[in-house]
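Here the structure is a predicted model, which means the values were calculated and not measured.
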Amino acid sequence: MVLRLALLICDTPLPSVVQTHGDYLAIFTRFFKASLPDPQVEFSLDGFDVVDKQDYPPLDAAYDGVVITGSAASVPANLPWISRLVSYIRSLANASPRVKIIGICFGHQAVACAFGGECIPNDGKWEVGATEIRLTDVGKQLFGVSSISIHQMHKDHVPALPPRFLLLGSTAVSPIQGMILPYEDQPSQTHIFCVQGHPEFVSDIVNKIVDVRGKSGAMDAATVKDGYERAGRPDDGTGIIGRAIWKVLGVEYKPE
């Protein structure tokens, strides 16, 4: 079994991150390999620069899933490339409904806007580093646990669910930490899966981003201190969350 995945790349990581961990195509390739639950399954991951090149897979391309990355950009800025991305997500869901859509952080926010929701600044409140998410019954069923920990790096958020989406979990800072859209004709199957956090991040990536944003003044001293502390906490990115993403893509976890 070979799955074809497309990665819509919405940013270039900081130079210090690229030097150690590579670009987003490398980071997500590593994430998907590390979380792949069945060694008999193979996958390809094709990158598309949707910012500078505005390069997209054709709507009828034979992909099993399309993943939308995070970004330092802000969805509410409504830049031309962001508007095109939001439009593409909506068109893809309508034209190729059997292609799974996975939204990560900025990608999660763009998906919300594509389907009648919104993304807004969160009153200057950052969430940074490994953060516990309180799961709903839907989230507990999907992840198989009562709570998850995921790395965060955002101060925009989705304040309310778009129509027909189901909530996966919340924090005190951001009420919509994850959401899914089931198929209308197969409600037990997921069409779209989104999380506000970054399951692909590791602690060193978080530390490097905090370094830069702290020195630039984008983060205040208290946020920087908290971010460094949370960066070292355990997270469920390549474990529970990665396996859940693969489950949405049709690959089940097979314990030893």
Side-chain angles (χ1 to χ4, degrees), residues 6-18 23-25 27-28 47-57 66-93 101-129 131 150-163 165 170-171 173-179 181 192-201 205-206 208-220 223-224 227:
L7 185 70
L8 305 189
I9 302 171
C10 303
D11 200 3
T12 299
L14 293 168
S16 59
V17 173
V18 172
D23 60 13
Y24 273 126
L25 183 59
I27 290 169
F28 273 92
F48 295 85
D49 177 355
V50 302
V51 181
D52 297 320
K53 296 181 180 178
Q54 297 202 25
D55 184 23
Y56 286 87
V66 172
V67 183
I68 307 134
T69 74
S71 177
S74 175
V75 172
N78 201 29
L79 298 171
W81 74 266
I82 296 175
S83 297
R84 184 177 178 190
L85 172 66
V86 170
S87 177
Y88 175 86
I89 294 167
R90 186 165 48 245
S91 297
L92 176 64
I101 297 174
I102 310 295
I104 306 297
C105 194
F106 174 93
H108 156 75
Q109 298 164 357
V111 167
C113 293
F115 293 97
E118 63 176 342
C119 173
I120 61 174
N122 198 4
D123 296 325
K125 299 173 186 174
W126 282 95
E127 284 188 302
V128 180
T131 302
I150 186 171
H151 281 302
Q152 306 268 359
M153 189 60 66
H154 71 100
K155 63 175 180 177
D156 292 341
H157 77 135
V158 175
L161 285 171
F165 278 77
S170 304
T171 64
V173 174
S174 299
I176 314 298
Q177 280 288 342
M179 59 187 188
L181 180 66
I192 300 174
F193 170 98
C194 298
V195 286
Q196 176 59 76
H198 286 273
E200 82 284 8
F201 275 11
I205 293 177
V206 175
K208 283 177 165 49
I209 297 173
V210 172
D211 284 345
V212 171
R213 292 186 176 174
K215 290 174 183 175
S216 72
M219 290 179 180
D220 61 29
T223 300
V224 169

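Looking only at distances, no side-chain donor or acceptor of Arg213 sits under 3.5 Å from a matching main-chain atom of Ala218. With hydrogens and angles ignored, the 3.5 Å screen pairs a side-chain donor or acceptor of Gln109 with a backbone N or O of Asp156.
Between Ile9 and Asp23 the shortest side-chain heavy-atom distance does not fall below 4.5 Å. Tyr88 places a side-chain heavy atom less than 4.5 Å from the side chain of Leu8. Considering only heavy atoms from C-beta on, Pro199 stays 4.5 Å or farther from His151 through its side chain. Within the 4.5 Å cutoff, the side chain of Val158 has heavy atoms near those of the His108 side chain. Residues Ser74 and Ile82 have side chains not in contact (no heavy-atom distance under 4.5 Å, counting atoms from C-beta outward). Side-chain contact between Asp11 and Phe106 is absent, with no heavy-atom pair separated by less than 4.5 Å. Counting heavy atoms from C-beta outward, Tyr56 and Leu85 have side chains that approach closer than 4.5 Å. Taking the side chain as every heavy atom from C-beta outward, Leu7 and Val67 approach each other to under 4.5 Å.
A pairwise comparison of heavy atoms in Ile68 and Cys10 identifies CG2-SG, 3.7 Å as the closest pair. The two residues Lys208 and Ser16 come nearest to each other via the heavy atoms CE-O, 3.3 Å. Between Val86 and Ala110 the shortest heavy-atom distance is CG2-O, 3.9 Å. Among all heavy-atom pairs drawn from Gly197 and Gln152, the shortest one is CA-OE1, 3.7 Å. Contact record, His157 with Val173: ND1-O, 4.3 Å, taken as the closest heavy-atom pair. The minimum heavy-atom distance linking Gln196 with Ile176 is given by the pair CB-O, 4.1 Å.
Here the OG1-CE distance, from Thr131 to Met153, works out to 9.5 Å after rounding to the nearest 0.5 Å. One finds the OG1 atom of Thr69 at 6.0 Å from the OH atom of Tyr24 (value rounded to the nearest 0.5 Å). Within the model, atoms CD1 of Ile192 and CD1 of Ile89 stand 8.5 Å from one another, a figure rounded to the nearest 0.5 Å. Between atom CD1 of residue Ile120 and atom SG of residue Cys113 there is a gap of 10.5 Å, rounded to the nearest 0.5 Å.
Ring orientation note: the planes of Phe201 and His198 are close to parallel, at an angle under 30° on the 30°/60° scale.
Scanning for ring-ring contact (aromatic ring centres under 6.0 Å, His included) contacts around Phe165 gives Phe115, with sequence neighbours left out.
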Run Leu14 and Asp211 through side-chain contact (heavy atoms from CB on, under 4.5 Å) and show every step you take.
CA-CA 11 Å; Leu14 293 168; Asp211 284 345; over 6 Å; no
Show your reasoning for whether side-chain contact (heavy atoms from CB on, under 4.5 Å) applies to Val224 and Val210.
CA-CA 6 Å; Val224 169; Val210 172; 3.7 Å; yes
Is there a side-chain contact (heavy atoms from CB on, under 4.5 Å) between Ile27 and Ile205? Walk through the geometry before answering.
CA-CA 10 Å; Ile27 290 169; Ile205 293 177; 4.1 Å; yes
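With hydrogens and angles left out, the side-chain atoms of Gln177 and Glu127 include a donor and acceptor closer than 3.5 Å.
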